[in-house]
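Remarks on the structure that follows.
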Amino acid sequence: MEPWSTAELARLVEATPGRCVALVVVRGQGVGLAVDGHRRAVPCADPAGLVAELDRELRPRWVWWDARTTAGELLAADVRVRACWDLAATHRVLFGGRRDDPAAVWAAATGLPEPSPPRREVTLLDWSEPAAYTGAGSGAGTDVGSDAGSADLFTHDGQLRADLAGQDWLADHVRGRADDVLDRAARWAALALRVRAAQDAGLRALPDPRATPRVLPLAVLTAYAESAAALLAVELEHDGLPLDRRAAEQYISGFVGPRLATPAAETAARADRDAAVVDLFRSGSAEGGGRVDLRNPVQVRELLGRIGLHVPDTRSWRLEPFRDSHPGVAAFLDWRKAERIATTYGYGWLDRHVGADGRLRGTWAASDGAAGRMTAGAGLHNLPAGLRVAVAAEPGHVLVRADLGQIEPRVLAVVSGDAALARAARADDLYAPVAAQLHCDRPTAKVAVLAAMYGQTSGTAGAALRRMERAYPRAIGYLRAAEEAGLVGRDIRTHGGRLIRLRPGEGDSGEGSDDLVDPLAADAPPGSRPSDRARRHGHGRFARNAVVQGAAAEFFKAWAAAVRTGLRPFGGRIVLCLHDELLLHVPAEHTDAAAALLTSALESTAAFWASGSSVRFVADVSVVARWSEAK
DNA sequence: TTCCCAACGTA
DNA sequence: CGTACGTTGGGAAT
């Protein structure tokens, strides 16, 4: 097949609204491209290099099935593209849920029922699997054949084959030349383009919630931001967080001593730490009791009972008041802290997750949470504050950190359209005007706002809450409506358009038979099984929270996407996303530009996301050598 | 081996 | 003052 001339491609891209070009990368062989009804297989020894060149010259929005596959391939060659449309990420916005594999994405985009989940691995028992695997694909009256030659990608009922995740399959079953693989890649790209069009239409069909809508519907902008976040997640995983290993080891050794040479020595040291605590409990009373396992909460409770301390559980905050009542309690609390470091953030953790290049790497997901927050593994989202001293800029670089101030109440002001709360959100400190409005002090106002957003159960801020209702009726009404949806199991959408599934559905955690009496319930100890009412109540609170937390996550990702783009010219990188906080690793000579970018990106994000509202968004920006230096 | 719970870290 | 997440170890169920 003839390579596409760049000029020809450029003409097509110019004529395509959104400049969307579907891309499938086949390492070492070439790319499959699709633009506006055309598709082409392009043989090329260095596909990533070609993509980089096209990205510079055409500035397209690359459409791919998912960033992990395609962007991962590019990133392996250190190629980072400007913009993308991620079908998996957009699918999650439109349809919620957990599934985002190609089969599920295709089915949702074409109105088919959700297909059965992909098999973990093919076993001998799969021999009975239908004609799908033979490539016979009858097509059965659907229009799937319209992409000529794609029938082998589908099952008889028009579903995309469940085993097409990733792209190893591209080379499977093709016993011919490289051309065949690339042809397949081109068809795969063409299919992606069709799904994008369907997703685009779906997004545009959603009502734009903004006071003053713009040319691009907010839901489309959400798709852009979520796609960028999916790409960013792959980059974060690739780049890692710069970590000063020495500083980390020093922190760890402060709790558990120096690194030991052998596992046996580790075990012995651990046993010594245990024994030191247990001995303190034994010292007074003669009776020895059996062995005590400090890691077993039941046994710890018994141990505490023996010194006359009777507690419902052994959580640290509950024991802390009794720290001075018995030397054993203090020792145990310190032991807990050390044990946490030893097991979760100890030397083993360093060895597992910090590379030879001093980068801490974990897996990232762009919208794993039920409300669409980013998630990260390897402890990246729950590093003990004390370990921040080990997160350090490399030579010639600085860390530029920014966190959004009071993001959730500000987001509530936008999404609810509450004029009074929006007025309060013009202040640097939102809680000050709220306190004035409610005729209470600032701490009370803060508790009242948080209680309203998250559905307080134990009522201390009751009076302030009632005044909240009078002062900010639309905000409270918005939250109540979400809670109601949760109670009755009705799906809702966030401000940006993400579907939050609340229907007591099949897919999730197996709570199908709501009203039926569970025969096992009689055996269950009383209170162990949450009542139907309690569960619904939980769903109500979840929904109340999800519309705020979810919208805040969308706003954050839109901000992060703008920062990522702005950072490209001077080689800075986002190295950590923490729900409302960004950490950048920047060449020192571009410090000021990066700091300015964080603010300007925030303004441009607010301008489209909260357009027509007077809500102000604020970020606290600081430049540091170590994360711990940021306030 | 799989799953749930307690516990604790972060926002 | 609640929600969300990831990680660990123990123990029960399988």
Side-chain angles (χ1 to χ4, degrees), chain A residues 270 274 292-301 311-320 332-333 335-346 348-349 352-353 362-388 391 403-409 411-412 443-462 464-465 479 482-483 486 500 509-510 520 523-525 528-530 537-553 556 576-583 627:
Chain A
R270 175 176 286 202
D274 292 7
V292 177
D293 183 358
L294 294 176
R295 294 164 191 80
N296 183 332
V298 176
Q299 293 185 30
V300 171
R301 255 188 74 192
V311 284
D313 59 63
T314 69
R315 290 184 157 84
S316 294
W317 62 265
R318 201 184 288 284
L319 298 182
E320 199 60 51
F332 174 70
L333 286 168
W335 174 91
R336 266 264 175 84
K337 179 85 178 155
E339 178 70 5
R340 166 69 50 182
I341 300 299
T343 55
T344 307
Y345 300 104
W349 171 75
R352 278 192 304 278
H353 299 117
T363 57
W364 283 84
S367 69
D368 220 23
R373 272 187 170 184
M374 297 179 86
T375 60
L380 280 161
H381 273 176
N382 36 331
L383 281 183
L387 256 179
R388 293 186 177 196
V391 177
D403 76 299
L404 302 174
Q406 305 168 337
I407 181 63
E408 295 195 334
V411 159
L412 174 62
T444 307
K446 182 171 177 177
V447 168
V449 170
L450 295 178
M453 279 194 295
Y454 305 142
Q456 178 182 355
T457 49
S458 59
T460 44
L465 209 54
L479 294 165
E483 179 171 36
I500 311 278
S509 45
L520 295 176
D523 298 335
S528 74
R529 180 174 289 271
H537 194 251
H539 291 174
R541 271 208 309 255
F542 164 71
R544 185 185 270 263
N545 180 255
V547 289
V548 179
Q549 189 187 99
F556 174 80
L576 190 70
C577 296
L578 197 49
H579 307 313
D580 67 349
E581 180 172 358
L582 278 174
L583 196 63
W627 194 15

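Per chain, numbering begins at 1; letters A, B, ... match sequence-line order. Here the structure is a predicted model, which is why all the values come from computation and not from measurement.
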Interatomic distance where NE2 belongs to A:His353 and P belongs to B:dG9 [whole Å]: 19 Å
From the list C:dG6, C:dA4, B:dG9, which nucleotide is the closest neighbour of the side chain of A:Lys337? B:dG9
Please check the phosphate of C:dG6 (OP1 and OP2 only) for any side-chain N or O of A:Thr344 closer than 4.0 Å. no
Flag the pair A:Thr343 / A:Arg270 as yes when at least one side-chain heavy-atom distance between them is below 4.5 Å, and no otherwise. yes
For the residue pair A:Leu294 and A:Trp335, establish whether any side-chain heavy-atom pair is separated by less than 4.5 Å. yes
Quick note, A:Pro297 side chain, CB onward, closest among B:dC8, B:dA7, C:dC5 is B:dA7
Remember a base hit wins even if backbone is also touched, and classify A:Ala376 as base, sugar-phosphate or nothing at under 4.0 Å, heavy atoms. sugar-phosphate
Would the base of C:dG10 count as contacting A:Asn296 through its side chain, where contact means a donor and an acceptor less than 3.5 Å apart? no
Does A:Arg544 place a side-chain N or O at less than 4.0 Å from the phosphate oxygens OP1/OP2 of C:dT3? no
Think A:Arg541 has a side-chain N or O under 4.0 angstrom from the OP1 or OP2 of C:dG2? no
Out of C:dC1, B:dA11, C:dG9, minimum distance to the side chain of A:Leu450 belongs to C:dC1
Looking across every strand, which nucleic acid part, if any, lies under 4.0 Å from A:Arg340 by heavy atom: base, sugar-phosphate, or nothing? base
Taking any heavy-atom pair under 4.0 Å as a contact, classify A:Arg318: base, sugar-phosphate, or nothing. nothing
Nucleotide nearest A:Thr375 when distance is taken to its side chain, options C:dT8, C:dG11, C:dC5: C:dC5
Taking atom P of C:dT3 as reference, at what distance in whole Å does atom CG of A:Leu412 sit? 17 Å
Between C:dA4, C:dC1, B:dA7, spot the one nearest the side chain of A:Val447, thanks. C:dC1
At less than 4.0 Å, is any side-chain N or O atom of A:Arg315 found next to OP1 or OP2 of B:dA7? Yes or no. yes
Mind calculating the distance between CG (A:Leu294) and P (B:dA6) to the nearest angstrom? 19 Å
Rounded to whole Å, CZ of A:Arg295 lies from P of B:dC8 at a distance of 14 Å
Using 30° and 60° as the class limits, which term best fits the ring planes of A:Trp349 and A:Tyr345: parallel, tilted or perpendicular? perpendicular
Heavy atoms from C-beta onward define the side chain here; which of B:dA11, B:dC8, C:dT8 lies closest to that of A:Glu581? B:dA11
Could you tell me whether the side chain of A:Leu583 reaches within less than 4.5 Å of the side chain of A:Leu578, counting heavy atoms only? no
Ignoring the backbone of A:Phe542, work out which of B:dA11, C:dA4, C:dG10 is nearest its side chain. C:dA4
Remember a base hit wins even if backbone is also touched, and classify A:Asp313 as base, sugar-phosphate or nothing at under 4.0 Å, heavy atoms. sugar-phosphate
Name all residues meeting the side chain to side chain contact (heavy atoms under 4.5 Å, CB included) criterion together with A:Ala546; count only those two or more places apart in sequence or in a different chain, and write none if there are none. A:Ala371, A:Ile500, A:Phe542
A:Leu387 CG to B:dC8 C1', in whole Å, measures 14 Å
When the distance from CG of A:Asp293 to P of C:dG11 is rounded to whole Å, what number comes out? 6 Å
Tell me the interatomic distance from A:Trp349, atom CH2, to C:dG9, atom P, rounded to whole angstroms. 15 Å
Spacing between A:Arg301 atom CZ and C:dG11 atom P, to the nearest angstrom: 15 Å
Assign A:Leu383 to base, sugar-phosphate, or nothing according to its heavy-atom contacts below 4.0 angstrom with the strands shown. sugar-phosphate
Of the listed nucleotides B:dT10, C:dA4, B:dC8, the one nearest the side chain of A:Arg388: B:dT10
Does the side chain of A:Val391 reach to within under 4.5 Å of the side chain of A:Leu383, using non-hydrogen atoms? yes
